[in-house]
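Everything below concerns the one structure shown next.
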Amino acid sequence: MSVYRDPVDGSEYPLDEPRWRSAAGRPLWIDPGAGLDRSDIDVSARSLWRYRAALPVEFSDPISLGEGSTPLLEREWERGGRPLFKLDFLNPTGSFKDRGTSVMLSYLRDRGIRSILEDSSGNGGSSIAGYGAAGGLRVKILAPASTSSAKIAQVRAFGAELQLVEGLREESQNEAIRQAEGDAFYASHNWQAFFLQGTKTLAYELWEDLGFRAPDNVVVPVGAGSSLLGCWLGFRELLRAGQIERMPRLFAAQPLNCSPVDASFTAGTDQPVERAVAPTIAQGTSIARPLRLTQMIAALRDSGGATVTIPENDIVHALEKLCSSGLFVEPTSACAAAAYSALLTSGHITPAEETVVFLTGSGLKAAPTVAELLDTAHE
């Protein structure tokens with residue numbers, strides 16, 4: 001049976017008891033499961049819950065807003081490439097985070113949790129506020145004072161309590177952990193392993209989208225790593241179940257201004273490596289010290305993938321190109337599209353390979369920023 005596991009000391013905890021960290025204070029992990037085959041898909045569900053047979057526990061009453069089942073759209077790009085854009089910014093609250101949130105909050109509510117805390121710079125908080133409202137949960141979100149006004153408005157519209165915290169992104173997390181010692185459960189999308197059980201449905205969905213096979217490559221923007229690790233978990237399970245012949249190569253896209261995963265990967269280590277951090281327009285990836293760095297490096301190596309760093313100007317160029325194609329996304333998503341261009345230029349991938357580029361967040365979350373960036377680019 002599946003258990004929570006501390007990847008460092010190997011300690012295990014039953015899944016019946018909601019936990020967000022080990023006794024040693026580290027984030028927990030759930031190892032890949034047995035996977036599923038086509039006959040296990042619940043074709044009556046038009047959401048990620050069609051893959052519920054791949055989840056490690058039973059769910060009595062999932063909190064769902066129809067998340068998942070997002071379009072996979074082929075578009076002409078640069079250098080002859082025709083990537084497949086996974087439009088996960090079309091999830092109910094406007095970001096891929098809804099995948100993890102639906103599963104995580106369903107798991108917690110099934111086990112009696114009624115009040116939750118979350119820290120977020122934007123999309124995670126919006127998602128948890130929305131699904132908390134749908135599930136009748138009391139929600140408090142702690143966010144950096146610099147969070148975009150659109151994301152703050154969305155959190156408040158869902159009825160969640162909001163506390164803005166001065167300082168760097170990490171200060172919001174530190175304050176949430178301090179407050180989690182009270183009655184509210186810390187439902188962090190960065191700490192809680194069941195969030196990754198939701199994001200792994202991305203792999204299952206791509207497998208079904210592509211006629212029950214894996215693509216050659218998947219490019220994802222990476223901050224805390226939930227999309228990268230979710231993809232790795234899902235494809236690893238499909239490989240174990242004999243449903244795909246090989247893992248796709250996973251590529252982690254980060255802005256050059258905040259690229260701790262690239263720093264460690266290129267140094268050949270899974271431990272933190274010092275690298276200067278500066279502000280970036282790809283705010284969703286701006287996490288200087290990701291909690292699951294070791295697991296991310298392992299996932300990249302296991303899949304034969306790599307990291308890509310993108311200068312700010314290249315993010316803007318990709319954002320402009322996406323918007324001119326009718327895909328209104330936030331700059332974090334554009335980071336992944338820019339990485340696809342960089343991988344073509346470097347020869348890491350070829351135009352003939354089938355490559356999925358993960359678009360994670362709606363441009364409506366950062367409309368004034370997108371407008372300003374594009375106006376400047378046109379001058």
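Values reported hereafter were calculated over all heavy atoms of this structure, with side chains retained and with hydrogens, waters and symmetry mates removed.
- Thr199 places a side-chain N or O within 3.5 Å of a backbone atom of Ser226 that can act as its donor or acceptor partner.
- Using modelled atom types and a 3.5 Å distance limit, the side chains of Asp6 and Ser22 yield a donor-acceptor pair.
- Side-chain contact, Tyr51 with Asp42: no donor N or O sits under 3.5 Å from an acceptor N or O.
- When all heavy atoms of Asn217 and Ile349 are compared, the closest pair comes out as ND2-CG2, 3.5 Å.
- Taking all atoms of both residues into account, the shortest heavy-atom contact from Asp9 to Ala24 is OD2-CB, 4.0 Å.
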For residues 152-160, which side-chain N or O atoms pair as donor and acceptor with protein atoms under 3.5 Å away, sequence neighbours left out?
residue, atom, partner, partner atom, Å
Gln154, OE1, Ser126, OG, 3.1
Gln154, OE1, Lys365, NZ, 3.4
Gln154, NE2, Thr93, O, 3.0

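- Atom CG of Leu374 and atom CG of Leu319 lie 5.0 Å apart (nearest 0.5 Å).
- Between the OH atom in Tyr204 and the CG atom in Leu238 there is a gap of 4.5 Å [rounded to 0.5 Å].
- Separation of atoms CZ (Arg178) and CG (Asn174) is listed at 6.0 Å; rounding is to 0.5 Å.
- Hydrophobic clustering (ILVMFWY, side-chain heavy atoms < 4.5 Å, transitive): Leu73 and Val219 are in one cluster.
- More than 12 heavy atoms of other shown residues, nucleotides or ligands fall within 6.0 angstrom of atom CD in Glu74.
- Note that CZ of Phe194 and CG of Leu105 are 12.5 Å apart. Values are rounded to the nearest 0.5 Å.
- The nearest pair of heavy atoms linking Ala336 to Val220 is CB-C, 4.3 Å.
- Among all heavy-atom pairs drawn from Leu48 and Val103, the shortest one is CD1-CG2, 3.9 Å.
- Side-chain atoms of Thr360 and Asp88 form no donor-acceptor pair, as typed in the model, at a separation below 3.5 Å.
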Worked check of side chain to side chain contact (heavy atoms under 4.5 Å, CB included) between Leu84 and Thr355:
CA-CA 6 Å; Leu84 297 167; Thr355 300; over 6 Å; no
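- No single ILVMFWY cluster, assembled from side-chain heavy atoms under 4.5 Å apart, contains both Leu196 and Tyr186.
- When the side chain to side chain contact (heavy atoms under 4.5 Å, CB included) test is applied to Ala23, the partners found at least two apart in sequence or on another chain are Tyr13.
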Checking side chain to side chain contact (heavy atoms under 4.5 Å, CB included) for the pair Val139/Ile128: CA distance, chi angles, key distance, verdict?
CA-CA 8 Å; Val139 177; Ile128 287 176; 4.1 Å; yes
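- Contacts of Glu330 classified as salt bridge (charged side-chain N to carboxylate O under 4.0 Å, His left out), with partners at least two apart in sequence or in another chain: Lys151.
- For Phe59 and Trp49, the ring centers sit closer than 6.0 Å to each other.
- Screening residues 337-347 for salt bridge (Lys or Arg N to Asp or Glu O under 4.0 Å), with sequence neighbours left out, gives no hits.
- No salt bridge links Arg52 with Asp40; every basic N to acidic carboxylate O contact stays at or beyond 4.0 Å.
- Residue pairs satisfying the salt bridge (Lys or Arg N to Asp or Glu O under 4.0 Å) criterion with at least one member in residues 189-215, sequence neighbours excluded, are listed as follows: Arg50-Glu208, Lys86-Glu205, Lys86-Asp209, Arg99-Glu205, Lys200-Glu237, Arg213-Glu354.
- Note on residues 288-317: pairs passing salt bridge (Lys or Arg N to Asp or Glu O under 4.0 Å), not counting sequence neighbours, are Arg236-Asp302.
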Leu229 vs Met296, test: side chain to side chain contact (heavy atoms under 4.5 Å, CB included). Steps then yes/no.
CA-CA 6 Å; Leu229 292 174; Met296 283 191 276; 4.0 Å; yes
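- Side chain of Ser362 to main chain of Gly94: no donor-acceptor pair is present (N/O by atom type, distance under 3.5 Å, no hydrogens or angles).
- Judged by distance alone, the side chains of Glu67 and Tyr131 do bring a donor and an acceptor atom under 3.5 Å apart.
- Between the side chain of Ser324 and the main chain of Lys321, a donor-acceptor pair closer than 3.5 Å is present.
- Of the possible polar contacts, none joining the Ser106 side chain to the Pro62 backbone as a donor-acceptor pair under 3.5 Å is found.
- Both Ile63 and Phe195 sit in one connected hydrophobic cluster of ILVMFWY residues. Membership requires side-chain heavy atoms under 4.5 Å apart, directly or through other members.
- Contact between Gly81 and Leu344 at its shortest, heavy atoms only, is CA-CD1, 4.3 Å.
- Formation of a donor-acceptor pair under 3.5 Å by the Asp119 side chain with backbone atoms of Ser188 is not found in this model.
- Legend: residues meeting ring-ring contact (aromatic ring centres under 6.0 Å, His included) with Phe358, ordered by chain and number and at least two apart, are Phe96.
- Side-chain contact check for Ser64 and Ser102: no donor-acceptor pair (N or O, by modelled atom type) lies under 3.5 Å.
- Looking at Ser333, its side chain does come within 3.5 Å of a backbone N or O of Gly361 through a donor-acceptor pair.
- Of the inter-residue distances, the one linking Gln283 atom CD with Cys335 atom SG reads 13.0 Å to the nearest 0.5 angstrom.
- We find that Glu353 and Arg249 are joined by a salt bridge, their nearest charged nitrogen and carboxylate oxygen being less than 4.0 Å apart.
- Closest of all the heavy-atom pairs between Ala252 and Val222 is CB-CG2, 3.5 Å.
- Residues meeting the side chain to side chain contact (heavy atoms under 4.5 Å, CB included) test with Pro18, sequence neighbours left out: Tyr107, Leu108, Arg111, Ile113, Phe185.
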Should Glu78 and Ser341 be marked as a side chain to side chain donor-acceptor pair (under 3.5 Å) after you check the CA-CA gap, both sets of side-chain angles, and the distance that decides it?
CA-CA 7 Å; Glu78 300 169 359; Ser341 297; 3.0 Å; yes
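- For the pair Gln192 (side chain) and Arg19 (backbone), a donor-acceptor distance under 3.5 Å is present.
- In this structure, Trp77 has its ring center under 6.0 Å from that of Phe85.
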After noting the C-alpha distance and the side-chain angles of Glu118 and Leu142, does the key distance pass the side chain to side chain contact (heavy atoms under 4.5 Å, CB included) rule?
CA-CA 6 Å; Glu118 156 75 324; Leu142 292 94; over 6 Å; no
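- Residues that satisfy the ring-ring contact (aromatic ring centres under 6.0 Å, His included) test with Trp29, not counting sequence neighbours, are absent from this structure.
- The stretch residues 267-286 participates, sequence neighbours left out, in these salt bridge (Lys or Arg N to Asp or Glu O under 4.0 Å) pairs: Asp262-Arg275.
- Not counting sequence neighbours, Glu372 has no partner by the salt bridge (charged side-chain N to carboxylate O under 4.0 Å, His left out) test.
- A donor-acceptor contact closer than 3.5 angstrom is absent between the side chains of Arg5 and Ser11.
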When the side chains of residues 241-248 are checked against the rest of the protein, which donor-acceptor pairs come out under 3.5 Å, sequence neighbours left out?
residue, atom, partner, partner atom, Å
Gln243, NE2, Ala241, O, 3.4
Arg246, NH1, Pro215, O, 3.3
Arg246, NH2, Asp216, OD1, 2.9

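- Residue Thr201 holds its OG1 atom at 11.0 Å from CG of Leu233, rounded to the nearest 0.5 Å.
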